[in-house]
Amino acid sequence: AERVVVPLVRALDASVTLAIEPLHAPEALALDAASPVAWESIAAFLRAVGDAVRDARPGTLVVAGTRPELVRSLATRDAKLDAVEVYTEGAKVLSGESLGVGALPLIARRDTATGDDLAAHLASAIEQGYAAVFLGRLEGELIDARAKGRPLTDAGARVRALLVSRPLT
């Protein structure tokens with residue numbers, strides 16, 4: 001953690017870095033038929049890396065994400081996460097209670113596609129008490145303002161319209 005994560009965290013711009021996800025899709029390790037890694041080992045890794053991140057950049061959140069049916073496996077093993085990212089599909093988002101995570105904050109992650117009902121997805125996440133929503137695959141200037149030549153995806157254009165119509169409070 002000290003040789004890889006700490007220099008990386010220190011190199012990131014603190015003004016735009018909200019969180020670090022030390023291990024994306026831990027279920028790939030836990031469910032590997034040839035050589036599965038125990039959830040306890042995954043939690044120990046996340047704890048160690050998370051502690052290093054917090055020491056290097058206090059206030060930076062440490063998160064990890066997984067599929068809804070595996071959130072409890074990740075959230076209940078003392079990984080010292082600040083939030084769990086729940087991979088979601090469709091407009092309906094499952095509640096933290098139904099996922100069995102207690103008071104741990106949840107982030108609804110959604111890779112957008114043409115035809116998605118993003119407003120319904122956002123409303124469902126708010127209704128279920130999620131702390132945040134992460135939308136992927138938006139493209140263009142929502143990600144890089146200097147890349148004017150890259151068009152927004154259909155989902156990106158709809159997210160922009162949704163954000164414009166719903167001022168932050």
Side-chain angles (χ1 to χ4, degrees), residues 1-113 116-118 120-138 142-143 155 159 168:
E2 291 78 20
R3 292 185 180 179
V4 176
V5 175
V6 169
L8 179 68
V9 169
R10 287 184 178 147
L12 296 173
D13 183 347
S15 69
V16 295
T17 303
L18 173 66
I20 298 293
E21 184 179 19
L23 180 61
H24 180 73
E27 67 271 13
L29 297 173
L31 303 178
D32 182 341
S35 181
V37 176
W39 283 104
E40 289 77 10
S41 297
I42 292 169
F45 168 81
L46 291 169
R47 237 185 348 267
V49 172
D51 287 345
V53 167
R54 290 180 195 95
D55 286 347
R57 176 80 45 79
T60 301
L61 302 176
V62 177
V63 304
T66 192
R67 301 185 317 233
E69 67 271 18
L70 298 172
V71 167
R72 191 165 199 271
S73 296
L74 182 61
T76 60
R77 290 198 162 69
D78 192 30
K80 288 178 63 177
L81 296 171
D82 297 304
V84 171
E85 191 178 344
V86 182
Y87 305 156
T88 60
E89 293 181 17
K92 187 72 174 150
V93 175
L94 297 173
S95 71
E97 182 179 336
S98 70
L99 295 172
V101 298
L104 187 62
L106 298 174
I107 300 168
R109 180 198 168 101
R110 176 73 179 273
D111 285 337
T112 59
D116 284 351
D117 189 346
L118 299 175
H121 180 72
L122 181 59
S124 180
I126 291 168
E127 178 184 311
Q128 296 298 342
Y130 279 63
V133 174
F134 174 82
L135 299 174
R137 299 185 185 160
L138 300 176
L142 283 176
I143 294 174
V159 167
L168 297 175

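From a predicted model like this one, the values you see are computed outputs, not experimental measurements. Numbers here are sequence positions counted from 1.
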Residue pairs passing the ring-ring contact (aromatic ring centres under 6.0 Å, His included) test where at least one lies in residues 32-56, sequence neighbours excluded
none
For Ala120, check side chain to side chain contact (heavy atoms under 4.5 Å, CB included) against everything at least two apart and list the hits.
Ala91, Asp117
Note: Ala56 and Arg10 closest approach over all heavy atoms is CB-NE, 4.1 Å
Distance (rounded to the nearest 0.5 Å) between Leu104 CG and Leu74 CG
8.5 Å
For Glu127, what residues pass the side chain to side chain contact (heavy atoms under 4.5 Å, CB included) criterion, not counting sequence neighbours?
Lys92
Pick out which of Leu12, Leu61, Leu8 makes a side chain to side chain contact (heavy atoms under 4.5 Å, CB included) with Ile20.
Leu12
Roughly how far apart are Thr88 OG1 and Ile107 CD1, rounded to 0.5 Å?
11.5 Å
Roughly how far, to the nearest 0.5 Å, is the CG atom of Leu23 from the OG1 atom of Thr66?
9.5 Å
Mind checking what makes ring pair (Phe, Tyr, Trp, His ring centres under 6.0 Å) contact with Phe134, not counting sequence neighbours?
none
Contacts satisfying ring-ring contact (aromatic ring centres under 6.0 Å, His included) that involve residues 13-33 (not counting sequence neighbours) are His24-Tyr87
Among residues at least two apart in sequence or on other chains, which ones pass side chain to side chain contact (heavy atoms under 4.5 Å, CB included) with Tyr130?
Val86, Val93, Leu99, Leu106, Ala108, Ala125, Gln128
Counterpart residues, side chain to side chain contact (heavy atoms under 4.5 Å, CB included), relative to Val5 (two or more places apart):
Val9, Val49, Val53
Keeping to residues at least two apart or across chains, list the salt bridge (Lys or Arg N to Asp or Glu O under 4.0 Å) pairs with something in residues 51-68.
Asp51-Arg54, Asp51-Lys80, Arg54-Asp82, Arg67-Glu69
Pairs in or reaching into residues 56-77: which pass ring-ring contact (aromatic ring centres under 6.0 Å, His included), with residues at least two apart or in two chains?
none
Taking only residues at least two apart or on different chains, which pairs with a member in residues 13-31 satisfy salt bridge (Lys or Arg N to Asp or Glu O under 4.0 Å)?
none
Sequence neighbours excluded, which residues qualify as side chain to side chain donor-acceptor pair (under 3.5 Å) partners of Ser98?
Ser95
Residue pairs meeting salt bridge (Lys or Arg N to Asp or Glu O under 4.0 Å), one or both in residues 32-47, sequence neighbours left out, come to Glu40-Arg77
Mind checking the CG-CG spacing from Leu31 to Leu70? Nearest 0.5 Å is all I need.
5.5 Å
